[in-house]
Amino acid sequence: MFHWIVLATSWNILSGYSGYFSFGHGAFFGAGVYTTAVLAGSYGMPFLWTLPVAAIVAAALGAGLGAVAFRVRNVRGELFALLTLAVTFVLATIVLNTPIDGGPGVYLSAVAVPVLAPSESGSFYMMALLLAVGTLVVAYAIPKSRLGLGLYAIHDDEDAAEVMGVPTYRYKLIAFAISCARAGVAGGIQSLFVSYVTAGSTFNITVPLTVILMSVLGGTRHWAGPALGATAITLLLYASTAADQAMMGKAATGAILVAAVLFMPNGILGVRRRGISAQPAVPLPSGAVPHAERVEASDETRDGARDAMRSVPPDAVPAAARTATARRAGETLLSVRGLHKSFKGVRALDGVDLDVREGEILGVLGPNGSGKSTLINVVSGHYRADAGSLRFAGGELAGLPAHRIARAGIARTYQIPRPFPKLPVRDNVALTAMFGAAALDRADANAAADRCLEFAGLGGQGQLRPGELTLHQTKFLELARALAARPRLMMLDEVLSGLTPTEIDGAVELIRGIRDQGTTIMFVEHVMRAITALSDRIVVLDQGRVLAQGEASEVMARRDVAVAYLGAAHA
């Protein structure tokens with residue numbers, strides 16, 4: 001039981017937490033088996049000394065595979081699963097056709113079992129127990145750490161997580177290495193337990209399928225889920241070991257897998273947590289109603305939200321940034337020169353030149369397809385520029401990964417909100433406070449998230465899931481999330497679309513309050529009354545080029561701008 005708890009829990013550290021579904025756990029388990037078998041059985045190394053080596057070999061194999069696979073954006077989902085499955089059979093072929101095994105297998109009958117208990121079976125029990133406890137401690141600690149929150153964000157929306165500051169490539173490698181190392185140690189212990197290892201019995205599909213079943217049954221989003229699933233399945237299999245019951249046990253296991261996939265996709269603990277989360281842990285504010293009844297917010301609720309928006313939390317922008325903003329107001333914060341971006345031959349940005357000045361609100365306008373959202377995507381690192389320069393606060397951004405751009409002091413919202421659906425609202429906001437320019441620890445990030453949610457009119461709703469919010473609440477969640485990063489530049493992509501006039505008024509006050517506390521804002525919008533109310537300057541894009549820029553009244557009076565929006569016949 002402890003053996004399977006280790007394997008299922010270690011698999012879950014990568015595949016459950018980050019969502020990178022692996023069929024290759026048998027390869028990393030097998031690497032540990034053969035590392036210990038060769039070192040102890042063939043070269044006489046003391047058994048316990050081989051276990052750290054088994055962990056290192058398995059971790060190195062996983063990290064090497066991840067270093068290649070995680071660099072290719074398309075290797076996700078089923079492609080990653082198939083790649084890891086292929087590694088199992090490739091490794092088996094190598095082992096079988098080299099002196100590592102050579103065909104007859106490796107014997108460990110002469111290897112001494114460490115004396116950890118009065119009997120050999122007791123010693124194996126103690127080794128498995130210690131490894132299981134250690135693995136569960138690691139699995140419990142990860143979700144409470146920066147690594148765990150980052151992995152959960154990767155699971156929900158990897159691209160958005162990277163843009164918000166999560167170093168996705170590094171975190172996936174770390175999770176993969178930890179996962180493989182635990183499997184490697186389990187393999188090392190197993191090799192001495194069976195005393196005779198062969199490639200056929202080691203590298204097969206049984207291990208990955210069994211650990212996947214166990215993890216899915218217990219719940220992959222909970223640290224204890226795989227352990228619960230491993231316990232249940234192991235007891236079931238051992239209860240049906242008699243000759244006339246063996247097939248019944250396997251059939252029952254298969255039926256459980258089918259039932260879990262169909263009726264409990266989140267596992268036993270996932271169903272329990274979903275039932276708990278359906279009741280908010282924090283009482284809803286006065287005037288709020290449950291999600292099922294919240295079709296349209298009442299006027300009273302909107303008024304309360306606007307009242308909460310009248311001033312930005314004093315610590316939402318660092319004091320040093322506010323002082324620097326006051327000192328350098330009007331200086332260029334972001335300089336864009338010759339920016340190009342194409343998609344399959346279509347030029348979305350064709351030599352864009354513009355400046356964003358410290359402390360201003362710059363409105364970016366243009367007809368559909370003019371390149372507005374692409375501009376924000378390129379500046380934030382969501383897309384890489386084909387050519388051109390992006391200088392922010394004196395440093396070059398072009399070519400940097402998105403998480404480093406976020407850490408430099410740039411935050412953004414999305415035209416279509418992209419909250420992390422399985423994270424509570426509070427964790428959605430705390431994540432940017434931890435990984436953005438603020439770089440807070442978990443406790444401070446939670447406190448900052450509470451303040452930003454209160455400011456955005458979402459106080460008391462931190463324990464809800466984003467799917468339980470209305471559209472305008474989700475839009476304000478995007479603003480709260482961007483604000484929690486404490487950026488010097490905040491880019492808003494049509495944050496007002498879909499809102500009612502009353503909700504737009506509240507959002508305008510919120511945006512103005514953010515700027516008044518020292519954050520520079522660049523926003524893409526089609527709501528003209530918001531543009532004129534907020535913008536210090538506007539830039540008009542058309543077909544990927546800057547058509548006009550300057551004061552709103554002057555720019556919108558130009559005929560070429562009217563033609564771009566309305567066409568020549570109506571300009």
Q) Going through the distances and angles, do Glu360 and Arg515 end up as a salt bridge (Lys or Arg N to Asp or Glu O under 4.0 Å)? A) CA-CA 7 Å; Glu360 75 171 346; Arg515 192 276 300 273; over 6 Å; no

Q. Are Leu541 and Val546 close enough, and set up right, to give a side chain to side chain contact (heavy atoms under 4.5 Å, CB included), and what steps lead you there?
A. CA-CA 5 Å; Leu541 297 181; Val546 174; 3.7 Å; yes

Can you list, pair by pair, the side-chain donor-acceptor contacts under 3.5 Å of residues 156-163, counting residues two or more places apart and other chains?
{"residue": "Asp156", "atom": "OD2", "partner": "Lys422", "partner atom": "N", "Å": "3.1"}
{"residue": "Asp157", "atom": "OD1", "partner": "Ala160", "partner atom": "N", "Å": "3.2"}
{"residue": "Asp157", "atom": "OD1", "partner": "Arg418", "partner atom": "NH2", "Å": "2.8"}
{"residue": "Asp157", "atom": "OD2", "partner": "Arg418", "partner atom": "NE", "Å": "2.9"}
{"residue": "Asp157", "atom": "OD2", "partner": "Arg418", "partner atom": "NH2", "Å": "3.1"}
{"residue": "Glu158", "atom": "OE1", "partner": "Tyr20", "partner atom": "OH", "Å": "2.6"}
{"residue": "Glu158", "atom": "OE2", "partner": "Tyr20", "partner atom": "OH", "Å": "3.4"}
{"residue": "Glu158", "atom": "OE2", "partner": "Lys172", "partner atom": "NZ", "Å": "2.6"}
{"residue": "Asp159", "atom": "OD1", "partner": "Arg73", "partner atom": "NH2", "Å": "3.3"}
{"residue": "Asp159", "atom": "OD1", "partner": "Arg76", "partner atom": "NH2", "Å": "3.3"}
{"residue": "Glu162", "atom": "OE1", "partner": "Thr168", "partner atom": "N", "Å": "3.2"}
{"residue": "Glu162", "atom": "OE1", "partner": "Thr168", "partner atom": "OG1", "Å": "2.6"}
{"residue": "Glu162", "atom": "OE2", "partner": "His403", "partner atom": "N", "Å": "3.1"}
{"residue": "Glu162", "atom": "OE2", "partner": "His403", "partner atom": "ND1", "Å": "2.7"}

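Remark: the backbone N or O of Arg391 is not paired with any side-chain donor or acceptor of Ser335 at under 3.5 angstrom. A donor-acceptor pair is defined here as one N or O able to donate and one able to accept, closer than 3.5 Å; such a pair exists between the side chain of Gln473 and the backbone of Thr470. No donor-acceptor distance shorter than 3.5 angstrom exists from the side chain of Lys341 to the backbone of Asp386, with no hydrogens or angles considered. At distances below 3.5 Å, at least one donor-acceptor pair connects side-chain atoms of Arg384 with backbone N or O atoms of Gly399. In this structure a side-chain-to-backbone donor-acceptor pair under 3.5 Å is present from Thr432 to Val429. Counting only distance, with no hydrogens or angles, the side chain of Glu468 and the backbone of Arg465 share a donor-acceptor pair below 3.5 Å. Formation of a donor-acceptor pair under 3.5 Å by the Arg407 side chain with backbone atoms of Gly165 is not found in this model. In terms of modelled atom types and a separation under 3.5 Å, the side chain of Ser22 and the main chain of Ala81 share no donor-acceptor contact. Without hydrogens or angle criteria, Thr520 side chain to Gly359 main chain gives a donor-acceptor distance under 3.5 Å. Panel note: side chain Ser10, backbone Val6; a donor-acceptor pair is recorded below 3.5 Å.
Between Ser497 and Lys475, the side chains place a donor N or O and an acceptor N or O closer than 3.5 Å (distance only, hydrogens not considered). No side-chain donor-acceptor contact under 3.5 Å links His25 and Ser15. Defined by atom type and a distance below 3.5 Å, a donor-acceptor pair is present between the side-chain atoms of Glu396 and Ser389. Remark: the Ser373 side chain and the Asp493 side chain contain an N/O donor-acceptor pair separated by less than 3.5 Å. Between the side chains of Arg347 and Ser342, no donor N or O sits under 3.5 Å from an acceptor N or O. For the residue pair Ser380 / His382, no side-chain donor-acceptor distance below 3.5 Å is found, with atom types taken as modelled.
Within the structure, the ring pair (Phe, Tyr, Trp, His ring centres under 6.0 Å) test picks out the following pairs touching residues 424-450 (sequence neighbours left out): Tyr171-Phe435.
Geometrically, Arg451 does not engage Phe455 in a cation-pi contact defined by less than 6.0 Å to the ring centre and at most 45° from the axis. Judged by the 6.0 Å distance and 45° axis criteria, Arg481 is positioned over the aromatic ring of Phe420.
We find the CG-CG distance between Asp355 and Leu362 to be 9.5 Å, quoted to the nearest 0.5 Å. To the nearest 0.5 angstrom, Leu375 atom CG is 8.5 Å from Leu390 atom CG. In this structure, CG in Leu173 is found 10.0 Å from CG in Leu14, a value given to the nearest 0.5 Å. To the nearest 0.5 angstrom, Leu349 atom CG is 5.0 Å from Leu339 atom CG. Between Met528 atom CE and Ile531 atom CD1 the span is 6.0 Å, to the nearest 0.5 Å. Thr413 OG1 to Ile376 CD1: the interatomic distance, rounded to the nearest 0.5 Å, is 6.5 Å.
Centroid-to-centroid, the aromatic rings of Phe21 and Trp11 come within less than 6.0 Å. Taking the ring centroids of Phe80 and Phe23, they lie at or beyond the 6.0 Å cut-off.
Closest approach of Gly498 and Leu471 over heavy atoms only: O-CD2, 3.5 Å. Scanning both residues, Thr9 and Ala227, for their nearest heavy atoms gives OG1-N, 4.0 Å.
Taking a 6.0 Å sphere around CZ of Arg337, one finds it holds more than 12 heavy atoms contributed by other residues, nucleotides or ligands. In Arg146, the CZ atom is crowded: over 12 heavy atoms of neighbouring residues, nucleotides or ligands sit closer than 6.0 Å. Atom CD1 of Ile416 has 12 or fewer neighbouring heavy atoms from other residues, nucleotides or ligands inside a 6.0 Å radius.
A 4.5 Å side-chain heavy-atom check between Ser145 and Leu147 finds at least one atom pair inside the cut-off. With a 4.5 Å cut-off on side-chain heavy atoms, Arg545 and Val352 do not count as touching. Side-chain contact check for Thr519 versus Arg488: every heavy-atom pair is 4.5 Å or farther apart. Put simply, the side chain of Gln461 does not reach to within 4.5 Å of the side chain of Val425, judged on heavy atoms.
Of the candidates Tyr140, Tyr152, Tyr17, Tyr140 is the only one forming a ring-ring contact (aromatic ring centres under 6.0 Å, His included) with Trp223. If you run side-chain contact (heavy atoms from CB on, under 4.5 Å) between Val539 and each of Val336, Leu365, Leu354, only Leu354 comes through.
One finds no salt bridge joining Arg412 and Glu478 here, because no Lys/Arg side-chain nitrogen approaches an Asp/Glu carboxylate oxygen to under 4.0 Å.
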